[in-house]
Amino acid sequence: MSKRRRIVAALGLGAGLGALGISPLAAQTPADANAAEEPWDVLVVGSGAAGLSAALAAYEAGANRVAILEKMAIAGGHTLVASGSVNAYDPAGQERMGRSDSTEAFFRDTYEGGGRRGDPDLISVLVHESESMLAWLQGHGVPFDPVLFEAYNGVFPRAHRTVMRRHGFVYVETLARVAKRRGIPIFFRHRAQKLLLTEGAVTGVECQTPSGRKTFRARSVVLATGGFGASAPLRMRWAPIFDETYYTTYAAGSSHLDPATGDGIRMAEAVGAALRDMDAVMAIPFWGGRVLDYPGAEIFLTLGGRRFTDETGTWQSVLDDLSRLGEKEFWVVTDARSRKGATFATKVQQGTVRAAQDLSELALRMGIPANALRAEMEKYNRSADLGRDEEFGRTRFTQRIETPPFYFGRERFDIHYTCGGVAITAKAEVKNADDRPIAGLYAAGEVTGGVHGNFRLGGNGLTDAFVFGRVAGRSAALRAQTLRGEP
């Protein structure tokens with residue numbers, strides 16, 4: 001089976017990608033023939049949320065010729081498999097939910113959540129551009145659910161998601177369709193390998209294609225290549241704890257299909273770009289027993305059946321608590337009352353998550369003494385009634401876990417996100433070691449550092465990609481217009 005077919009099968013997307021023109025055939029466009037001759041106004045590297053947003057924003061800002069290079073055979077990158085939570089300042093939505101929010105609170109939550117290591121200027125852009133970003137996505141046809149919620153490892157219910165299943169796929173599908181209508185080509189299986197420099201300015205990209213090496217010249221280049229979570233050598237260069245035994249959340253039990261191999265970071269570093277926060281590598285439980293996109297309605301148990309952590313704490317704190325026990329896996333249990341996330345049906349169908357009709361059956365299937373499991377569940381539910389768990393300090397409970405069927409499965413931590421990357425300005429310009437912009441080079445999304453500090457709040461990853469993708473596209477278009485001699 002081909003790599004593309006394995007990915008599509010794993011995602012359960014079927015033939016829909018081909019119908020959208022998101023396939024290797026889409027690379028064969030008329031523009032391909034003269035790619036090396038006439039410079040592109042804006043050349044975007046990567047076709048995830050950040051790349052698609054950058055390309056569309058550049059087009060909307062007046063760039064005449066915009067193209068996207070994508071090393072994979074399908075568009076989307078990590079966005080394709082994302083659970084889809086998007087944080088945004090949305091006063092109308094909060095009022096609809098009977099709550100209130102503020103840009104100050106959003107800024108504070110992001111800055112504090114990242115250990116005060118984030119760049120305040122970048123966080124300010126993230127926060128203040130999030131409202132217009134949401135309207136922009138809606139304007140392009142993304143159908144958002146009116147219910148706002150608190151994303152896992154978020155701290156306030158300001159997250160949005162689509163009304164459809166496979167939320168990440170919806171973003172890619174929608175924006176890719178718009179890009180196609182705008183005449184923006186995506187050159188698939190074009191792996192960018194080197195940035196071209198002319199008198200200190202980035203003027204193009206060299207890439208490897210199925211037919212050989214090719215050069216694309218451009219007035220502006222936007223890196224939207226994602227992080228470095230799938231590269232064990234790069235991870236271990238800055239965060240040695242995450243060795244080769246860790247997989248990534250892109251594909252269950254594997255890392256070799258994951259496109260987040262740090263290509264953009266390597267290319268940017270080679271032309272003098274500064275890097276920051278590279279030690280901030282995030283791991284989360286994703287492909288196993290977890291089926292919820294919000295905290296407060298599940299219990300984590302060791303394989304022996306004992307609670308060991310505050311389930312609503314940061315993923316790093318949960319990983320630390322598990323590691324202290326010398327264990328790699330744990331059980332996750334929820335019940336029929338909880339609102340299941342996008343992965344629920346697939347996990348049940350695959351047998352990753354199973355159901356039990358009562359606690360006795362649950363204990364039997366988990367291989368745990370029934371009395372011990374019953375005692376843990378009773379203690380948990382008493383804490384849920386009180387709103388506080390004295391043993392681990394948990395204070396967020398959305399319900400008791402008592403309504404059958406109970407859903408359960410084994411879980412482990414996989415690499416999910418790298419908060420570090422190339423340093424950028426508030427205009428998404430890539431900075432060098434002297435803190436000065438590198439002319440012609442912009443970046444957005446997980447390839448960058450500085451937005452999140454040492455921890456990314458749940459729901460902020462896609463917000464970062466959409467917001468700074470738009471910022472990078474606009475900045476890149478402005479440079480292209482200036483070089484063309486336009487006012």
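Just so we're clear, the structure is a prediction, and the values are computed from it rather than from any experiment.
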Check ring pair (Phe, Tyr, Trp, His ring centres under 6.0 Å) between Tyr294 and all other residues, then give those that pass, not counting sequence neighbours.
none
Check: Trp238 ring centroid to Phe228 ring centroid under 6.0 Å:
yes
Between Gln316 and Asn454, is a side chain to side chain donor-acceptor pair (under 3.5 Å) present by the stated rule, with each step listed?
CA-CA 11 Å; Gln316 187 60 52; Asn454 64 2; over 6 Å; no
Could you go through Arg339 and Glu150, starting from their C-alpha distance and side-chain angles, then the distance that decides it, and tell me whether this counts as salt bridge (Lys or Arg N to Asp or Glu O under 4.0 Å)?
CA-CA 13 Å; Arg339 182 179 179 184; Glu150 180 182 325; over 6 Å; no
Other residues, nucleotides and ligands only: do more than 12 of their heavy atoms fall within 6.0 Å of NZ on Lys340?
yes
Between Lys379 and Glu391, does any NZ, NE, NH1 or NH2 come within less than 4.0 Å of an OD or OE carboxylate oxygen?
yes
Check Arg388 with Glu390, please: is the shortest side-chain N to carboxylate O separation under 4.0 Å?
yes
Of the non-hydrogen atoms in Ile123 and Val451, which two are nearest, and what is the gap between them?
CG1-O, 3.4 Å
Any idea which heavy atoms bring Trp331 and Thr302 closest together, and the distance?
CD1-O, 3.3 Å
Answer yes or no on whether Arg394 is positioned over the face of Phe397, meaning its NZ or CZ is under 6.0 Å from the six-membered ring centre and within 45° of the axis.
yes
Just by distance, with hydrogens left out, do Ser360 and Arg374 show a side-chain donor and acceptor under 3.5 Å apart?
yes
Please list all pairs meeting salt bridge (Lys or Arg N to Asp or Glu O under 4.0 Å) that have one or both residues in residues 91-105, counting only residues at least two apart or in different chains.
Asp101-Arg158
Any ion pair linking Asp263 and Arg266 (charged N to carboxylate O, less than 4.0 Å)?
yes
May I ask you to check whether over 12 heavy atoms, not counting those of Met164, lie within 6.0 Å of atom CE?
no
Taking the six-membered ring of Tyr246 (Phe, Tyr or Trp), confirm whether the NZ or CZ of Lys328 is under 6.0 Å from its centre and within 45° of its axis.
yes
Crowding at CZ, Arg117 (>12 non-hydrogen neighbours, <6.0 Å):
yes
May I ask you to say whether Glu361 pairs ionically with Arg365, meaning some side-chain N is under 4.0 Å from a carboxylate O?
yes
So does Arg410 pair up with Glu329, basic N to acidic O under 4.0 Å?
yes
Report the residues that fulfil side chain to side chain contact (heavy atoms under 4.5 Å, CB included) with Ala443, sequence neighbours left out, ordered by chain and then residue number.
Leu223, Val422, Ile424, Val430, Val447, Thr448
